[in-house]
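Below you'll find the structure, written out as structure tokens, and then a few comments.
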Amino acid sequence: MRSQGRDAATGILLMLAGVAAGLVVPWPMQIIVDCILGAKPMPGWLPADKLTALAAVCAGLLAIHFLRGALATWSSVVLVRAGLRMTHELRLRVYEHLQKLSLVFHDSRAVGDSVYRVTWDTFSVQTLFNGGIVQIIGSGVTLAGMMVVMLKFDVTLTLLALIVAPALAASIKFYNRRISAVSTEYHDRESRVSAIIQESIAAIRTVQAFAREDDEIRRFGTGAAQSVDANVRMTREQVMSSFVVGLITAAGSVVMLWVGGQRVLAGRLSLGELLVFIAYVGMLYGPMSSLSGLATAIQSALTPFRRVVEILETKPVIRDLPEAKPLTGCHGVVRFENVTFGYEAGKPVLRGIDFEAQPGEMFALVGPSGVGKSTMLSLLLRFYDPQAGRVLVDGRDVREFQYRSLRQQISIVPQEPVLFSASIAENIAYGRPNASREEIIAAAKLAEADSFIKDYDQPVGERGVTLSGGQRQRLAIARAFLKNSPILILDEPTAALDAETEAAILKAMDRLRQNRTVFVVAHRLSTVRSATQLLVLHDGQIVERGTHDELVAKDGHYARVVRLQFGTSP
Ligand code: ADP
């Protein structure tokens with residue numbers, strides 16, 4: 001942050017020195033035309049010999065040009081560096097914020113949109129700095145400097161040079177409004193394209209399995225074409241705007257030449273002075289039109305900038321209360337107290353959920369897909385807060401704990417294990433990054449994974465594609481062993497595994513369950529049979545509870561679910 005500030009300040013000073021050098025450029029010309037070539041007396045500091053004087057002034061002009069160019073180049077590098085560092089800083093901030101934002105935020109957005117905001121929209125801060133602030137200062141100071149010099153010269157001509165300013169301002173305002181509107185549209189469309197790419201590449205297996213590649217290509221094609229269309233319209237407005245601005249400034253120069261020429265003819269202005277004036281007028285319109293283009297640049301950078309700010313201003317829904325304490329020495333007593341929750345207000349997914357689980361117990365959640373099993377587990381992890389009732393761990397409301405410390409006490413073995421593109425060892429240690437190699441190997445052994453791991457440092461392909469389903473499952477179990485937390489969430493794999501792999505996984509899972517509070521989303525009859533308590537969900541409520549045998553004897557909901565889900569009669 002400090003280096004950006006220093007760079008920005010140094011860059012602006014260098015730029016201003018360059019502007020000052022630029023202001024001097026027309027003067028040697030006047031001396032050449034009026035004094036050396038013309039009839040005006042030579043200034044005392046020049047050599048009396050006209051040829052030597054000409055060479056000296058030319059050399060001086062060259063030196064001024066060099067100085068101006070060098071200062072401009074140097075300041076550009078320093079200022080661009082400052083702008084890029086600002087972008088870097090902003091990217092870090094947005095990414096950090098995205099990592100912290102609650103699932104409620106991420107659920108409601110396409111991943112590609114967030115990717116686009118972090119990757120591309122963050123560059124707007126550089127545009128705002130380099131194309132905005134720096135330009136305002138540079139062009140503003142240049143304009144002011146020129147005005148001072150020109151006014152000293154000839155007030156009427158200066159005012160004439162400025163007569164185009166209102167026309168410039170009006171045309172610029174007109175075009176900016178139009179450009180800003182299509183710019184917003186363009187950015188939204190680009191972001192949508194990014195979301196489409198992200199979505200279909202992430203799900204490429206599914207896309208190919210359903211042979212829907214052509215439809216995906218078409219969907220991308222349509223989105224991308226809409227973006228091109230918006231971009232073309234935006235460019236057309238920008239080009240039209242430059243054309244009109246160019247026309248107005250050209251008209252201004254021509255008027256100057258006409259009036260100035262008359263003055264020279266009348267002997268009220270020397271030829272050299274007219275040249276200086278015309279040189280200034282040429283230089284005057286440069287900063288003027290760059291100031292005018294500025295509003296456009298700022299407008300089009302403000303849209304992506306707002307999209308970044310929108311993320312930064314979103315507060316995580318799940319936050320630690322000021323008095324939240326870390327959860328340490330957790331026993332693993334879990335209690336749901338009359339919990340009601342829905343993703344949308346007024347549409348509860350779970351209603352009046354009430355139970356208590358002790359360490360050593362295994363609770364199986366039973367019910368058809370979409371009944372709210374995962375939602376219950378998300379509440380335990382405090383991904384969401386219930387709308388009514390409480391979730392308690394060790395007798396305390398989970399909201400009393402720092403949520404990250406709560407999550408550290410819970411291990412999850414999901415149905416579809418997620419592996420990161422890192423080594424096998426790093427993947428096993430995801431829940432405890434500082435674990436030793438011995439601990440990692442011990443966990444892999446307990447998870448029946450050591451047998452297939454040849455090299456712990458071997459990288460896992462992105463999303464774990466180089467490993468079979470059963471192997472990924474065992475890595476996830478090893479991860480849970482290493483984390484060694486008192487509460488365990490298991491989502492049994494539904495995919496058919498070969499008998500040997502299945503036996504290994506079941507053995508590892510049995511071992512993992514010992515002495516923990518276990519919640520399992522069961523897809524196997526053997527698992528529900530061994531559960532200490534079944535919670536049968538229907539329509540967002542627990543409709544039956546008890547052991548497998550008790551519930552089968554009851555011949556109610558559960559008996560029907562068993563027939564449906566496990567395809568056997570209990
Ligand atoms: P299960 O795990 O039993 O299959 P879930 O807990 O995943 O069921 O889902 C319960 C209900 O909540 C479903 O109707 C599902 O559509 C809805 N749901 C799940 N996740 C979300 C979410 N992030 N946003 C909105 N609705 C959701």
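Values below: every heavy atom of this structure, side chains too, minus hydrogens, waters and symmetry copies. First listed ligand is number 1; within each ligand, the first listed atom is number 1.
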> Going by an N to O cut-off under 4.0 Å, is there a salt bridge joining R545 and E550?
Replying inline: no
>> Counting only heavy atoms from other residues, nucleotides and ligands, does the tally under 6.0 Å from CZ of R396 exceed 12?
In response: no
>> So if I only count non-hydrogen atoms and take anything under 4.0 Å from ligand 1, which residues does that give, chain by chain?
In response: D107, Y343, V349, P368, S369, G370, V371, G372, K373, S374, T375, Y384
> If we ignore angles and hydrogens, is there a donor and acceptor under 3.5 Å between the side chains of R307 and S191?
Replying inline: yes
>> Other residues, nucleotides and ligands only: do more than 12 of their heavy atoms fall within 6.0 Å of CZ on R212?
In response: no
>> If you count every heavy atom of other residues, nucleotides or ligands that lies below 6.0 Å from Y95 atom OH, does the total exceed 12?
In response: no
> Side chain of R91, backbone of T119: donor and acceptor closer than 3.5 Å?
Replying inline: yes
